[in-house]
Amino acid sequence: MYDLLKKYLKNKNEYLGKEMFSAVLLDLQFREAGNTTRASNLMAYAIKLFTPTEGLKINEKKFERLSKISSEVWKTK
């Protein structure tokens, strides 16, 4: 999954910061384990992008973008 995500981002000329990349990768791992619901998508991002001091560091627009990237990478699998 890591290699597929790196290849996708390179081909699309997109950049994700370390935290966002890690969150999308976790989402892909959830998908690989059979969890393909929106709730599991959000859980992956919440695990990686939550801090006690800042709360959840993702808004709906970012969530949709990351979810779209994850879905498109998943389709190339």
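In this structure, the side chain of Ser70 does not engage the main chain of Leu66 through any donor-acceptor pair within 3.5 Å.
Residues meeting the salt bridge (charged side-chain N to carboxylate O under 4.0 Å, His left out) test with Lys68, sequence neighbours left out: Glu72. By the salt bridge (charged side-chain N to carboxylate O under 4.0 Å, His left out) test, Glu64 is found to be paired with Arg38, residues two or more places apart in sequence or in another chain being considered. Listed by chain and residue number, Met1, Leu4, Glu32, Trp74 satisfy the side chain to side chain contact (heavy atoms under 4.5 Å, CB included) test with Lys77 (two or more places apart in sequence, or in another chain). Partners of Gln29 according to the side chain to side chain donor-acceptor pair (under 3.5 Å) rule, which considers only residues two or more places apart in sequence or in another chain, do not exist here.
Counting all heavy atoms, side chain and backbone alike, Arg31 lies closest to Ser67 at NH2-O, 3.9 Å. In terms of heavy atoms, Ala44 sits closest to Ala23 at CB-O, 4.2 Å.
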### Task
May I have the step-by-step check of side-chain contact (heavy atoms from CB on, under 4.5 Å) for Met20 and Lys48, ending in yes or no?
CA-CA 8 Å; Met20 297 295 180; Lys48 290 294 183 177; over 6 Å; no
### Task
Before giving the answer on side-chain contact (heavy atoms from CB on, under 4.5 Å), spell out for Arg65 and Glu14 the whole-Å C-alpha distance, their side-chain angles and the decisive distance to 0.1 Å.
CA-CA 11 Å; Arg65 177 177 173 242; Glu14 289 214 41; 2.8 Å; yes
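Side-chain contact between Asn41 and Asn35: absent, with no pair of heavy atoms (C-beta onward) separated by less than 4.5 Å.
Within the structure, salt bridge (charged side-chain N to carboxylate O under 4.0 Å, His left out) contacts touching residues 3-13 (residues at least two apart or in different chains) do not occur. The list of ring pair (Phe, Tyr, Trp, His ring centres under 6.0 Å) pairs with a residue in residues 7-46, not counting sequence neighbours, reads Tyr2-Phe21, Tyr45-Phe63.
Interatomic distance, CG of Leu5 versus CG of Leu16, reported as 6.5 Å (0.5 Å rounding). Within the model, atoms OG of Ser22 and CD1 of Ile47 stand 10.0 Å from one another, a figure rounded to the nearest 0.5 Å.
Linking Ile, Leu, Val, Met, Phe, Trp and Tyr whenever their side-chain heavy atoms come within less than 4.5 Å puts Val73 and Val24 in one cluster. Two different hydrophobic clusters hold Met43 and Leu25 under the rule that ILVMFWY side chains link at heavy-atom gaps under 4.5 Å.
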